[in-house]
Novice: 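Handing you a structure now.
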Amino acid sequence: MYQAEIRKPLVTGGKSYADVTNDICRPIENKPSSSWWLGFSVALVLLLVLIGTLGWTTWEGIGTWGVNKTVMWGWDITNFVFWIGIGHAGTLISAILLLFRQKWRMSINRSAEAMTIFAVLCAAVFPLFHMGRVWLGYWPLPLPNAFGSLWVNFNSPLLWDVFAISTYFSVSLVFWYLGLIPDIATVRDRAKSKGRKFWYGFFAMGWNGSARTWARYEVVALILAGISTPLVLSVHTIVSFDFATSVIPGWHTTIFPPYFVAGAIFSGFGMVLTLLLVARHVMGYQDYITSEHLEAMCKVILLTGSIVGLAYITEFVIAAYSGYEYEQYAFMNRMFGPYAWAYWTMMTCNLIAPQVFWSKWARTTPWFIFIISIIVNIGMWFERFVIIVTSLHRDFLPSSWVMYKPTWVEAGIFAGTLGLFFTLFFLFAKFLPVINMSEVKTIIKDKE
Amino acid sequence: MGHHTITEITEEKYHFNGRSKMIAIVLLVLGLVLAGIGAMQVQNHWNDAQTEEVATEHAEGAHHNETPAEHHGEAAGEHEAGTHDEHGANWMSRVWANLLMNSYYFLLFAVGALFFLAVNYVANAGWATLLKRIAEAMTSYIAVGFVILFAVIVLAKDQFYHWVTYFDQGLAPGDAGYDGILESKSWLLNSTSLYFLIPFIVIVWYGIRMKLRQNSIKEDQEGGLGYFRNSIRWSAGFIFFFAFSFSALSWLVIMSIDAHWYSTMFSVYNFAVTFVTSLSVMMMILLYLKNKGYMEMVSDEVVHDLGKFMFAFCVFWGYIFLGQWLLIWYANLPEETVYFAARLEGIYRPMFFVNIFMCFLLPFLVLMMRNAKRNPLVLLVAGLLILVGHWVDVYLMVMPGVVGDHASIGLLEIGTTLAFAGLFIYIVLNSLSKANLYAKNHPYILESANHDVGP
């Protein structure tokens, strides 16, 4: 395909095909570095916190959380939506950017997709344990009453969530694993020890690299990308329905579906940047994840951050315009009520902070991008907190007005999911190729 | 791939003369004549039906925010009766409503084309570079289109916006007919917004359009990357400004017709209409030019990708429609459902479903196959479906609030639309003939000429 002169190369440093394989297999084939051990240990400790706090919740009950009859959803759903949102960047990169023929996705799609899967796992923890009796966690499935459960309510967006998220998880997992197969086969072929030969051979599923295998592989990948695109939109649309189908002021607003999707991509790219900036630095992948990649991702942050900002302002203006006093009160309460600090944190982090990416310096300076990416993560967490808690804590009945404070158990569970997420990510970085070798080899002579 | 790489762009100019010019002028004149005849028909019919309608209205009671009675000034005791009588016969509401919806609808094509240009710059996209001049020509309609829209709003604001007549009365709390909800909107719904905010928004858009066009023409003459880079900056600024200002424009011009009703999705919905219709118009112009033997360099590959965009934004519109509709239906709050209730009765009911079929379901099926997006005839059909479908869409946004159950589709509607189409075609093709058909020094032009959609 013809490419204009002014386009910049996708992979720098004049890498050869052999270099790609050697560079990307190095962390898998060598002993992990001390920084890996350090990070992994911290993540593992947090994972133990998760197990402990979840155990305590299960043993003692939901009473260990700060939720009450007015604020019946607190940190649990905040964290659920936060993690689901994080996952969206992976699918956006692997499916939607594929449809837009954005080749720069190729060196970041593997880790972004892994992140999607780990984030969805973290998200699943919250609704599952909020049900109280986690051993009955299969009850939301439409099972015959003989299982002891009641027939599910198909009118409820919460049930739609069950289907949307489990479908999303399955398709993402299959898509990710499918993409891994040729690379796992490469690792298998280079393996020296018996154990490695067996395990990588097992997961490579007899990949032989023949033209026929590749042809089938590419067809399946394209079909999965096609399925993933509407899926990624539907998942967060349905998550937004959890709120927007209600009649709660601040929740019931028609812009929620596209606004949640944009917010999810925004938060997901924040997390992708956080992870990749570290991975790139620690593993020395500056030639694969170049400053062009960082710049492109920063532009996505700027775009989606501005869309989210537009949605905030639209919601606010229309609430003011609505002439509906409950809606107006909900927004005044957000801005000037007892949780105003959360609202202004959200506005600063999500609307104002990403605007620095209008500057090219900001888009190409890794340490600065890292700071902004953390700010975006914080801001998007606060967005969900603001939507959920400020709309609930002062409802239609002033006698029920309360404040919500999370307990140490809830804080522990949230910190614990970070542990789960990073434990999985560290394991992934150790045992699997974090960059898609076979795809990158197709573009080392290519331009953006 | 079998074909060789193209390394040079041929210079080509479109000649706007003879038959094309004639067709545009005939459309304009014919449209005006038909609209005139239609308006007279409406006038006669309106007077005939008057007595009977008043009786039924009172029997049925008021369903929606703007019962026709408000606009007639017929019903005794209606607070707006006096103001409306001054404007003479009420059949003019329908004439004005037609002018409003068509001037808005055709302006959207031009604005959408400007958005398309800007997006291509910002996204560093190469494939559509050969189509750039078509989009540029479409944006030239913004000036004329806006002057018409603004004139219509200024001349007939009391016909469209019942809040205008309401605020003219200056009622105090406790007065008969005092409307607390409208009062609370006076910070946005006022003449400053109409007279200053709307022109300000469009003047900024047009200013950026002039800059982009100027850069593009100079790039043709002088070459170099300077104009390209400068255009990227202006485009990024435009998209940012556009997102906020287009929202405000759609609220003021259209949403405030049903002034009691509100929806946060409304501006996104209008954006969806804008982009999909302007892509379809672009496709129509491209097919016309190719049919006339111009734009041979635009291969099926580029046509295919433009078809994909039409397909994608049909789906996007469907998504936004569903998002708005489903949430309002599910929550079932009377202050929100009133909007759709008005659109699900009388003449609007069939149109409501026609709208969904023509804007989403049919084009979705028609454009799904790969070959469909490479077949001019199929693309023509899909484009017409989308354009007529969204005409119905805008009709449904405007008419229920302005003319209520007096709406109908007759010579007036057809004529007005034809006249606007003639004007739009004349201005756009005239602008197209002013510059090369290809932006020959654009850095991505050869990418577009050698474009390949892949497997």
Side-chain angles (χ1 to χ4, degrees), chain A residues 1-8 99-102 104 155 157 215 218-219 222 229-230 233-234 237 240-241 243-248 251-261 296 299 302-303 306-307 309-311 313-325 327-328 355 358 448, chain B residues 1 5-7 122-127 180-185 187-189 225 228 236 239-240 243-244 247-248 251 255-256 260 262-269 308 312 315 319-320 322-328 330-333 335-336 443-447 449-455:
Chain A
M1 204 169 185
Y2 182 89
Q3 277 170 324
E5 296 297 321
I6 63 164
R7 295 206 189 262
K8 300 201 178 86
L99 296 183
F100 277 110
R101 289 193 287 263
Q102 298 296 306
W104 57 271
N155 292 339
E218 279 171 0
V219 171
L222 199 63
T229 303
L233 293 177
S234 77
T237 297
S240 81
F241 284 173
F243 307 101
T245 51
S246 72
V247 291
I248 308 288
W251 283 10
H252 175 68
T253 177
T254 48
I255 206 172
F256 257 31
Y259 151 43
F260 264 51
V261 172
K299 284 178 184 168
L302 175 59
L303 172 73
S306 302
I307 294 177
L310 173 67
I313 291 170
T314 302
E315 272 195 309
F316 171 72
V317 171
I318 297 295
Y321 172 88
S322 68
Y324 183 52
E325 58 182 310
E327 190 78 22
Q328 290 170 343
Q355 303 302 325
W358 285 98
E448 40 146 5
Chain B
M1 297 295 131
T5 304
I6 298 167
T7 51
V122 172
N124 236 346
W127 69 274
I181 292 181
L182 283 187
E183 292 288 344
S184 76
K185 300 180 191 227
W187 59 274
L188 182 66
L189 301 184
L225 282 175
F228 173 69
I239 290 174
F240 191 78
F244 293 87
S247 303
W251 298 331
M255 196 165 86
S256 79
H260 287 93
Y262 58 90
S263 166
T264 42
M265 188 76 108
F266 195 79
S267 46
V268 186
Y269 185 86
K308 280 184 192 168
V315 179
Y319 169 65
I320 297 299
L322 183 79
Q324 177 166 270
W325 161 260
L326 184 83
L327 290 175
I328 289 176
Y330 198 111
N332 205 15
L333 297 171
E335 62 268 32
E336 291 183 344
Y444 293 149
I445 192 88
L446 285 173
E447 275 188 13
N450 292 296
H451 186 57
D452 175 7
V453 298

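Proteins come first, then strands; the chains are lettered A, B, ... in the order of their sequence lines, and each starts at number 1.
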Novice: What's the separation between atom OG1 in Thr253(A) and atom CD1 in Ile328(B), rounded to the nearest 0.5 Å?
Specialist: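 Nearest 0.5 Å value for the OG1-CD1 distance: 9.5 Å.
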Novice: Quick check for you: among Ala320(A), Pro230(A), Ala311(A), Gly323(A), which has the greatest number of heavy-atom pairs under 4.5 Å with chain B?
Specialist: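 Of Ala320(A), Pro230(A), Ala311(A), Gly323(A), Ala320(A) has the most heavy-atom pairs under 4.5 Å with chain B.
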Novice: Can you tell me which portion of Ala296(A) sits under 4.5 Å from chain B's heavy atoms? Options are side chain, backbone, both or neither.
Specialist: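 For Ala296(A), there is no contact with chain B at all, as no heavy atom is under 4.5 Å.
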Novice: So for Leu182(B), is it side chain, backbone, both, or neither that comes closer than 4.5 Å to the heavy atoms of chain A?
Specialist: neither
Novice: Which is it for Tyr321(A) and Leu189(B) under the side-chain contact (heavy atoms from CB on, under 4.5 Å) test, yes or no, and what are the steps along the way?
Specialist: CA-CA 9 Å; Tyr321(A) 172 88; Leu189(B) 301 184; 3.9 Å; yes
Novice: Please flag which part of Leu446(B) lies under 4.5 Å from any non-hydrogen atom of chain A: side chain, backbone, both or neither.
Specialist: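 The answer is both parts of Leu446(B).
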Novice: Determine whether Asn124(B) and Arg7(A) make a side-chain contact, defined as any pair of heavy atoms from C-beta on separated by less than 4.5 Å.
Specialist: yes
Novice: For Glu335(B), is it the side chain, the backbone, both, or neither that has a heavy atom closer than 4.5 Å to a heavy atom of chain A?
Specialist: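 Side chain of Glu335(B) only, per the 4.5 Å heavy-atom cut-off to chain A.
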Novice: Given side-chain contact (heavy atoms from CB on, under 4.5 Å), test Tyr330(B) with Phe241(A) step by step and report yes or no.
Specialist: CA-CA 10 Å; Tyr330(B) 198 111; Phe241(A) 284 173; over 6 Å; no
Novice: Could you look at Val261(A) and say if it's the side chain, the backbone, both or neither that has a heavy atom under 4.5 Å from chain B?
Specialist: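 The side chain, not the backbone.
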Novice: Just to verify, which of Ile255(A), Thr314(A), Leu310(A) counts as forming a side-chain contact (heavy atoms from CB on, under 4.5 Å) with Val268(B)?
Specialist: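 Output: one option passes, namely Ile255(A).
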Novice: Give the minimum heavy-atom separation between Ala331(B) and Ser246(A), together with the two atoms involved.
Specialist: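 Shortest heavy-atom contact: CB-O, 3.9 Å.
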Novice: Under 4.5 Å from any heavy atom of chain A, what part of Trp187(B) do you find: side chain, backbone, both or neither?
Specialist: side chain
Novice: Side chain, backbone, both or neither: which part of Ser322(A) has a non-hydrogen atom closer than 4.5 Å to chain B?
Specialist: both
Novice: Using a 4.5 Å cut-off on heavy atoms from C-beta on, say whether the side chain of Phe240(B) contacts that of Gln355(A).
Specialist: yes
Novice: When heavy-atom pairs shorter than 4.5 Å are enumerated against chain B, which of Leu99(A), Leu302(A), Asn155(A) gives the highest number?
Specialist: Asn155(A)
Novice: Test side-chain contact (heavy atoms from CB on, under 4.5 Å) on Tyr444(B) and Ile6(A); report intermediate values, then the result.
Specialist: CA-CA 9 Å; Tyr444(B) 293 149; Ile6(A) 63 164; 3.8 Å; yes
Novice: Under a 4.5 Å heavy-atom cutoff, which of Ala236(B), Ser247(B), Gly126(B) has the most pairs with chain A?
Specialist: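 Option with the greatest count: Ala236(B).
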Novice: Using non-hydrogen atoms and a 4.5 Å limit, figure out which bit of Ile313(A) sits close to chain B: side chain, backbone, both or neither.
Specialist: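 When you check distances to chain B, only side chain atoms of Ile313(A) fall under 4.5 Å.
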Novice: Look at Pro258(A), Gly309(A), Ala244(A) and state which one has the largest set of heavy-atom pairs under 4.5 Å with chain B.
Specialist: Pro258(A)
Novice: With heavy-atom distances below 4.5 Å as the criterion, would you say the side chains of Leu327(B) and Pro257(A) are in contact?
Specialist: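 Leu327(B) reaches Pro257(A) side chain to side chain.
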Novice: Below 4.5 Å from any heavy atom of chain A, which atoms of Ile320(B) appear? Answer side chain, backbone, both or neither.
Specialist: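 Ile320(B) touches chain A through side-chain heavy atoms alone.
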Novice: Does any heavy atom of chain B fall under 4.5 Å from the side chain of Glu327(A), the backbone, both, or neither of them?
Specialist: neither
Novice: Leu322(B), Asn332(B), Leu333(B): which one forms the most heavy-atom pairs within less than 4.5 Å of chain A?
Specialist: Leu333(B)
Novice: With no hydrogens and no angle check, do the side chains of Thr237(A) and Tyr319(B) hold a donor and an acceptor under 3.5 Å apart?
Specialist: yes
Novice: Evaluate the criterion side-chain contact (heavy atoms from CB on, under 4.5 Å) for residue pair Tyr259(A) and Thr264(B); output intermediate values, then yes/no.
Specialist: CA-CA 10 Å; Tyr259(A) 151 43; Thr264(B) 42; over 6 Å; no
Novice: Report yes if some heavy atom in the side chain of Glu325(A) is under 4.5 Å from a heavy atom in the side chain of Ser184(B); otherwise report no.
Specialist: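 Not in contact.
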Novice: So how far is it from Met265(B) CE to Ile318(A) CD1, rounded to the nearest 0.5 Å?
Specialist: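 So the gap between those two atoms works out to 12.5 Å.
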